[in-house]
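Here the structure is a predicted model, which is why all the values come from computation and not from measurement.
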Amino acid sequence: MKDCSLRSLLDRADVKLQFAGHETFPCRYGWLKKSYDAIRRAGSIGEEETRRVFVPDVAISDFGVGKNMVASMRHWTLACGIIEVIPSTKGKLPGLAPTALGDLLFGGGDPYLEQPASLWAIHWRLASTPGRASTWYFAFNEFNEAIFNRETLATRFMARIDDLRESGRLNGSRITRSTIDRDVECLMRTYVPRSGGKAGAEDGLECPLAELGLIANLAGAGASQFRRGPKPTLPDEVFAMALIEFWQTHFETRGALSVEAVTHEPGSPGRVFLLDEESVAERLERLADVTDGAISWDESTGLRQVSMRSQLSALAPLEPLRRLYLMRLAA
């Protein structure tokens, strides 16, 4: 029995697809914390002050980087779900505020991103839904080539964008192939460490998400590979967080989800974390312990699935992650 019914999230009219914004810089070490700290300090003064945090005249001095890097810092801190825009009608710039994830990580849980759990949680927020990083979403959720090169990925995504234009979803958009090429190049630099040549040691460590090992270059092949399979550094608590968000966002009326759906649906933990079906099944079997029995393994209908034993809307997705940090801080 097939349980994969979610359409492409790129087709959803309520999701604004965005491209570029990163100014060709991947998210660098320290940027998220610096941005979070600045927004937190400004917010303690007032919402109006948060609008000035990334204004070049102020930020270039405060952050010690150039104008383009300031714009990139703002982009990544929003795209990774560390801060969010406060809807406002006053002035040209919206106010900004830390998100619950931002507070959990940088407010004390793991401010220097020393735990793999933090990087996995950031990757989830970045790639699980289209929006500020639509190319990242497409690569992990709707691009089905395990081995690929940049040209192939960009070509497939551009074809998908053309389909969206024809359907009226992106009618009048000015997205060009060069924009997608730059996005793909930045995506690769996000997940693949650079080594050798003029890049140097600093560029080799430019993005913390490269530590996750999700994409690897194939030596001598001129190609790269999505590394699907078990992820030993992915804590069950982060998997639980992702599953709850996925369930609440896309299947709020369902009482159960199959292994197949959690593995293969666009925006699912299996897709975003590059997990194979057996790895997903093993994690689902353990979820009762992580969620206090709210989600439990169930084969009573002949399907391998998990059932919701609590009120789905009442579950707090970040609670498993919060407990993980508390345990590690107490250790």
Side-chain angles (χ1 to χ4, degrees), residues 3-4 6 9 15 79-82 99-102 104-105 109-110 113 115-133 136-142 190-191 208-209 211-214 226-252 254 256-292 294-297 305-308 310 312-325:
D3 186 28
C4 287
L6 189 65
L9 300 185
V15 176
C80 292
I82 304 304
T99 62
L101 177 63
L104 179 58
L105 297 183
D110 186 19
L113 303 182
Q115 302 295 331
S118 305
L119 300 181
W120 284 111
I122 289 170
H123 166 68
W124 167 257
R125 287 291 173 86
L126 177 64
S128 60
T129 57
R132 291 185 180 275
W136 277 247
Y137 162 81
F138 176 81
F140 283 94
N141 293 279
E142 299 193 20
T190 298
Y191 294 101
L209 296 183
E211 295 180 24
L212 300 178
L214 290 168
F226 286 108
R227 301 176 69 181
R228 184 173 298 278
K231 299 294 184 294
T233 65
L234 172 64
D236 286 342
E237 289 83 357
V238 178
F239 181 85
M241 176 201 81
L243 178 63
I244 293 169
E245 290 189 354
F246 172 67
W247 206 327
Q248 289 176 337
T249 302
H250 304 299
F251 295 105
E252 60 181 348
R254 288 198 187 182
L257 290 179
S258 70
V259 170
E260 186 179 40
V262 178
T263 305
H264 300 295
E265 287 283 352
S268 68
R271 281 280 197 169
V272 176
F273 297 139
L274 298 181
L275 296 167
D276 58 80
E277 215 165 279
E278 288 310 307
S279 297
V280 168
E282 290 174 5
R283 289 179 180 276
L284 293 177
E285 289 177 9
R286 301 194 294 262
L287 276 192
D289 294 334
V290 180
T291 63
D292 290 334
I295 301 173
S296 64
W297 182 251
Q305 63 181 16
V306 282
S307 295
M308 183 60 59
S310 182
L312 177 60
S313 61
L315 294 183
L318 290 179
E319 188 56 31
L321 189 57
R322 191 184 312 278
R323 292 180 186 177
L324 177 63
Y325 289 134

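In this structure, Phe251 and Phe246 have perpendicular ring planes: the angle between them is above 60°, well past the 30° mark. Between Tyr191 and Phe140, the ring-plane angle classifies as perpendicular under the 30° and 60° cut-offs.
The side-chain heavy atoms of Asp276 and Pro230, taken from C-beta on, include a pair separated by under 4.5 Å. You'll find the side chain of Leu321 reaches within 4.5 Å of the side chain of Leu101, heavy atoms only. By the 4.5 Å heavy-atom criterion applied to side chains, Phe239 and Leu284 are counted as neighbours. When side chains are defined from C-beta on, Leu105 counts as touching Tyr325, because their heavy atoms get closer than 4.5 Å.
Rounded to the nearest 0.5 Å, atoms CD (Glu265) and CG (Asn141) are 10.5 Å apart. Expressed to the nearest 0.5 Å, how far CG of Leu315 lies from CH2 of Trp247 amounts to 9.0 Å. With values rounded to the nearest 0.5 angstrom, Leu287 atom CG is found 11.5 Å from Asp292 atom CG. To the nearest 0.5 angstrom, His123 atom NE2 is 6.5 Å from Phe273 atom CZ. A distance of 8.5 Å separates CG in Leu119 from OG1 in Thr233, rounded to the nearest 0.5 Å.
Glu237 is linked by a side chain to side chain contact (heavy atoms under 4.5 Å, CB included) to Pro235, Val290, Pro320, Leu324, Met327, counting only residues two or more places apart in sequence or in another chain. Under the side-chain hydrogen bond (donor to acceptor under 3.5 Å, both in side chains) criterion, Thr291 pairs with no residue, sequence neighbours left out. Scored by the side chain to side chain contact (heavy atoms under 4.5 Å, CB included) test, Pro317 finds Met241, Ile244, Glu245, Gln248 as partners (sequence neighbours excluded). Under the rule for a side-chain hydrogen bond (donor to acceptor under 3.5 Å, both in side chains), the partners of Glu277 that lie at least two apart in sequence or sit in another chain are His264. For Asp110, the side-chain hydrogen bond (donor to acceptor under 3.5 Å, both in side chains) partners two or more places apart in sequence, or in a different chain, are Ser118. Residues that satisfy the side-chain hydrogen bond (donor to acceptor under 3.5 Å, both in side chains) test with Glu285, not counting sequence neighbours, are absent from this structure.
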Please assess Thr263 against Leu275 for the test side chain to side chain contact (heavy atoms under 4.5 Å, CB included), listing each intermediate value before the final yes or no.
CA-CA 7 Å; Thr263 305; Leu275 296 167; 5.9 Å; no
Side chain to side chain contact (heavy atoms under 4.5 Å, CB included) between Leu214 and Lys231, intermediate numbers included
CA-CA 9 Å; Leu214 290 168; Lys231 299 294 184 294; 3.7 Å; yes
May I have the step-by-step check of side chain to side chain contact (heavy atoms under 4.5 Å, CB included) for Val15 and Thr129, ending in yes or no?
CA-CA 9 Å; Val15 176; Thr129 57; over 6 Å; no
Mind running salt bridge (charged side-chain N to carboxylate O under 4.0 Å, His left out) on Arg283 and Asp236 for me, showing each step along the way?
CA-CA 7 Å; Arg283 289 179 180 276; Asp236 286 342; 2.8 Å; yes
List the steps, then state whether side chain to side chain contact (heavy atoms under 4.5 Å, CB included) holds for Gln305 with Val259.
CA-CA 5 Å; Gln305 63 181 16; Val259 170; 6.0 Å; no
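Minimum interatomic distance between Leu9 and Glu142 (heavy atoms only, all atoms of both residues): N-OE2, 3.5 Å. Taking all atoms of both residues into account, the shortest heavy-atom contact from Val238 to Ala117 is CG2-O, 3.6 Å. The shortest non-hydrogen separation linking Pro266 to Tyr137 is CB-OH, 3.4 Å.
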